[in-house]
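Below is one structure, written out as structure tokens; the observations come after it.
Letters A, B, ... mirror the listed sequences (proteins, then strands); counts begin at 1. For clarity, every value in this text was computed on a predicted model and none was experimentally measured.
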There are 2 protein chains.
Amino acid sequence: MGKKTTIYDIAKRLNTTASTVSRALNNSPKISKKTKDLVLETANKMNYQQNKLALALKSGKSNNVGVIVPRIDSNFFASIIKGIEENLYAHGYRVIICQTQNNQNIEVEIINTLLKAQVDGILMSISSINLDTKNSFNRILQKQIPLIFFDRKANIKDVSSVTINDFEAGYMATKHLINQGCKKIAHLSGNILLDIFNNRFLGYKKALEEEGIEFNKAYVLKIRSTVKDGQNAAKQLLKLRNPPNGIFSSSDYAALGAIQEIKANGIKIPGDIKVVGFANEPFTKFMELSISTIDQSPVEMGKIAANVFLQQSNNSENTKIEKNVVLAPKLIIRKSSLKHPNE
Amino acid sequence: MGKKTTIYDIAKRLNTTASTVSRALNNSPKISKKTKDLVLETANKMNYQQNKLALALKSGKSNNVGVIVPRIDSNFFASIIKGIEENLYAHGYRVIICQTQNNQNIEVEIINTLLKAQVDGILMSISSINLDTKNSFNRILQKQIPLIFFDRKANIKDVSSVTINDFEAGYMATKHLINQGCKKIAHLSGNILLDIFNNRFLGYKKALEEEGIEFNKAYVLKIRSTVKDGQNAAKQLLKLRNPPNGIFSSSDYAALGAIQEIKANGIKIPGDIKVVGFANEPFTKFMELSISTIDQSPVEMGKIAANVFLQQSNNSENTKIEKNVVLAPKLIIRKSSLKHPNE
DNA sequence: CTGTTAGCGCATTCAG
DNA sequence: CTGAATGCGCTAACAG
């Protein structure tokens with residue numbers, strides 16, 4: 001009952017051998033229809049289920065891929081995972097999810113664990129970039145295991161990635177604010193060591209330049225992507241002698257915090273200050289004062305990342321094909337940044 | 001380079017045998033410190049990493065558990081998974097995530113796949129309940145693999161579960177609406193075949209009874225948990241000769257849809273109609289008109305489900321300990337259901 | 001078409 | 001304390 005039936009058990013019952021059973025089960029051409037049917041029937045009767053572990057050990061292919069994200073309980077990452085999972089599931093792969101909680105030690109540890117588990121590939125959004133993590137990446141590559149970055153990438157030769165054009169996104173968002181009449185635009189940024197935040201910042205800067213608006217260092221704050229940090233940032237900005245009339249936040253959560261703080265001070269949005277967030281988290285759409293934001297097509301991003309992985313694993317020895325897919329960001333204009341017709 | 005180093009490779013280099021290497025690596029007591037250190041050192045030098053697949057095949061323990069949910073991109077399920085993942089990761093388990101998309105065929109197929117992958121346990125929130133799925137559950141139990149339900153459970157002997165008291169939740173929500181002055185309370189329900197929805201409905205009914213409010217069948221609508229369905233439901237309710245002045249929705253998304261529709265009709269919330277949702281999705285808190293809801297402590301639910309699994313897998317043969325943890329729901333009162341002081 | 005043998009990588013029993 | 005042999009469940013090469 002508790003014991004699992006193996007192909008040997010089936011063979012014994014049929015007075016034949018494991019190979020024959022294996023062949024029958026695997027639809028081998030060199031087997032008679034008669035024995036095949038017989039095997040299939042008794043296998044079914046005995047409730048046989050193939051042990052994929054044995055197969056994995058034999059073939060060197062586990063059919064598992066590891067997916068590493070900072071956290072899973074944000075719509076952005078959950079949606080990416082959804083895209084990856086749905087695409088790879090259809091191709092016979094299972095997805096092992098791991099969270100780093102933005103902790104680099106955990107990140108390194110997770111990579112080791114996945115490697116030991118013999119995953120066939122690793123898809124990840126990096127949390128940190130330093131010597132330890134780079135070593136881990138090299139370890140993956142040495143083992144010839146496909147490594148694909150999505151969203152938060154490290155710049156490593158021969159490693160493919162799927163990202164959005166964050167520079168463009170920052171540029172679009174800022175340009176939009178300018179078009180809505182803002183001249184004094186603040187930027188809530190993140191960990192500048194990560195490309196995504198740096199590129200958004202550079203896009204922001206470029207838009208200012210183009211419009212001949214002088215860059216003001218006091219308008220750029222590096223914060224975490226939380227409501228709390230957004231509130232504090234707004235507090236700080238409002239204290240300035242010359243507070244901004246537009247805010248481009250690299251995070252929807254921070255944008256929300258800023259909006260709350262600003263309104264608590266009796267300042268009107270979008271009347272006095274216009275705000276654009278980032279990521280198109282569901283709440284930005286649902287709010288009374290809906291929040292303008294940048295959509296990153298996370299589900300599609302996940303699907304593409306999965307596709308890149310599939311391509312690479314089929315390329316056998318030729319893993320050295322670096323493919324960098326860059327998706328176009330979409331500016332979603334909502335109430336928080338909209339100029340009043342009379343303005 | 002691409003070839004992985006095994007304990008045999010290490011043994012060869014050291015002119016010893018795999019057993020010795022294995023013992024050294026596993027910190028066996030019967031080995032001299034000298035050889036142990038030597039092995040450890042060269043293992044390190046050769047970049048050795050244990051192949052967990054071989055270990056799993058040998059030991060019959062994969063250290064993987066399967067987690068099955070309808071979908072991953074809802075904060076509720078993502079948070080449960082977060083709780084499970086964090087708890088089990090610390091105990092050496094990896095988590096394989098699967099989505100059923102509320103499709104029973106996929107659900108059955110996923111269970112088979114996980115069984116073949118030799119998972120050490122399955123934690124799931126069921127999507128459907130019928131003969132096929134029941135068969136699958138039995139297959140799991142026959143193999144002596146711990147099965148734990150969370151949130152959406154099936155009533156099966158010997159199977160543990162972690163849920164919230166949905167009856168109590170429905171009761172609390174409805175009672176609250178009554179306390180806020182509502183006498184005509186509608187209920188947006190879901191698939192009544194699932195206990196969670198049925199229990200919420202029963203709690204709703206009980207609260208009405210207790211207050212001597214007559215049950216009105218026209219006030220109960222069975223819909224899906226989407227914004228769209230919530231809008232349609234509200235449309236239908238508003239058309240009634242005697243429309244409700246309170247709505248208890250079994251879904252935050254449906255509650256949101258209803259609120260949008262009601263407001264679009266110029267009807268005031270909470271003035272004319274008060275609304276309570278379910279699940280405490282992030283947006284309910286962030287909205288201008290924040291939505292009252294029921295919190296289900298999803299992260300804790302996931303952690304507890306993981307704990308129940310751990311207990312069961314340690315109980316060796318004694319898997320027959322059914323444990324049904326029922327968490328207390330928390331009513332979160334926000335603006336959408338609040339009586340005005342003058343009311 | 002079917003049976004025999006070997007090996008994937010590891011831990012473990014039994015000898016020594 | 002260390003070495004040799006065995007098996008976890010499966011497939012594939014080889015032999016018949």
Side-chain angles (χ1 to χ4, degrees), chain A residues 2-40 42-43 46-64 92 113 115-120 143-144, chain B residues 2-40 42-43 46-64 92 113 115-120 143-144:
Chain A
K3 197 78 185 60
K4 288 150 194 163
T5 62
T6 73
I7 52 174
Y8 283 94
D9 301 326
I10 301 175
K12 206 174 290 169
R13 163 110 43 130
L14 258 41
N15 271 322
T16 177
T17 68
S19 341
T20 303
V21 175
S22 171
R23 277 188 277 257
L25 259 20
N26 288 294
N27 224 334
S28 161
K30 30 187 173 177
I31 194 164
S32 74
K33 177 153 174 34
K34 196 178 139 195
T35 47
K36 186 173 129 186
D37 288 347
L38 188 61
V39 168
L40 255 44
T42 57
M46 296 177 75
N47 236 314
Y48 171 76
Q49 279 191 316
Q50 189 187 44
N51 183 334
K52 294 276 184 196
L53 282 183
L55 187 57
L57 179 61
K58 177 108 185 80
S59 69
K61 198 165 177 304
S62 68
N63 281 307
N64 287 148
T113 305
L115 253 23
K116 288 181 192 163
Q118 313 294 116
V119 290
D120 295 336
K143 297 207 174 189
Q144 314 263 38
Chain B
K3 198 79 186 60
K4 289 150 194 164
T5 62
T6 71
I7 52 174
Y8 285 93
D9 301 326
I10 300 174
K12 206 175 290 170
R13 163 110 45 129
L14 259 39
N15 269 323
T16 176
T17 69
S19 341
T20 303
V21 175
S22 171
R23 277 189 275 259
L25 258 22
N26 289 292
N27 224 333
S28 160
K30 29 188 170 180
I31 195 164
S32 72
K33 177 151 176 36
K34 197 177 138 195
T35 47
K36 186 173 130 186
D37 288 349
L38 188 61
V39 168
L40 255 44
T42 56
M46 295 176 76
N47 234 316
Y48 170 76
Q49 280 190 316
Q50 188 187 44
N51 182 335
K52 294 279 183 192
L53 282 183
L55 186 56
L57 181 60
K58 178 108 185 76
S59 67
K61 200 166 175 305
S62 68
N63 281 309
N64 286 149
T113 306
L115 253 21
K116 288 181 193 162
Q118 313 296 115
V119 290
D120 295 336
K143 298 206 174 188
Q144 314 265 37

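Between the CG atom of A:L55 and the P atom of D:dG9 there is a distance of 14 Å, rounded to whole Å. Following rounding to the nearest Å, A:M46 (CE) and D:dG9 (C1') show an atom-to-atom distance of 14 Å.
At the phosphate of C:dG3, OP1 or OP2 sits under 4.0 Å from a side-chain N or O atom of A:T20. In terms of phosphate contacts, A:Q50 brings a side-chain nitrogen or oxygen within less than 4.0 Å of OP1 or OP2 of D:dT11.
Comparing A:Y8 and A:K30 by the nucleotide of DNA chain C that holds the closest heavy atom to each, the one mapping nearer the 5' end is A:K30.
With rounding to the nearest 0.5 angstrom, the CG atom of A:L25 is 11.5 Å from the OG1 atom of A:T20.
In the set D:dC10, D:dG3, D:dT2, the nucleotide with an atom closest to the side chain of B:T35 is D:dT2. Of all nucleotides listed (C:dC10, C:dG7, C:dT2), C:dT2 comes nearest to the side chain of A:R23. Looking at the side chain of A:I7, the nearest of the listed nucleotides C:dT2, D:dT11, C:dG9 is D:dT11. Nearest to the side chain of A:T17, among D:dA4, C:dG9, C:dT4, sits C:dT4. In the set D:dT2, D:dG9, C:dA11, the nucleotide with an atom closest to the side chain of B:S22 is C:dA11. Of all nucleotides listed (C:dC10, D:dG3, C:dA11), C:dC10 comes nearest to the side chain of B:N51.
Using modelled atom types and a 3.5 Å distance limit, the side chains of B:K143 and A:Q49 yield a donor-acceptor pair. Side chains of A:K4 and A:N47: a donor-acceptor N/O pair is absent below 3.5 angstrom, by distance only.
No engagement by A:S59 is indicated, since no non-hydrogen atom pair under 4.0 Å with the nucleic acid exists. Across all strands, B:S32 comes closer than 4.0 Å only to sugar-phosphate atoms, never to a base (heavy-atom distances).
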* **Test log, rule salt bridge (Lys or Arg N to Asp or Glu O under 4.0 Å), inputs A:R13 and A:D9** => CA-CA 6 Å; A:R13 163 110 43 130; A:D9 301 326; over 6 Å; no
* List the steps and the verdict of side-chain contact (heavy atoms from CB on, under 4.5 Å) for B:Y48 and B:I7. => CA-CA 8 Å; B:Y48 170 76; B:I7 52 174; 3.6 Å; yes
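Residue-to-nucleotide contacts include a donor-acceptor pair under 3.5 Å from the side chain of A:S19 to the base of C:dT4.
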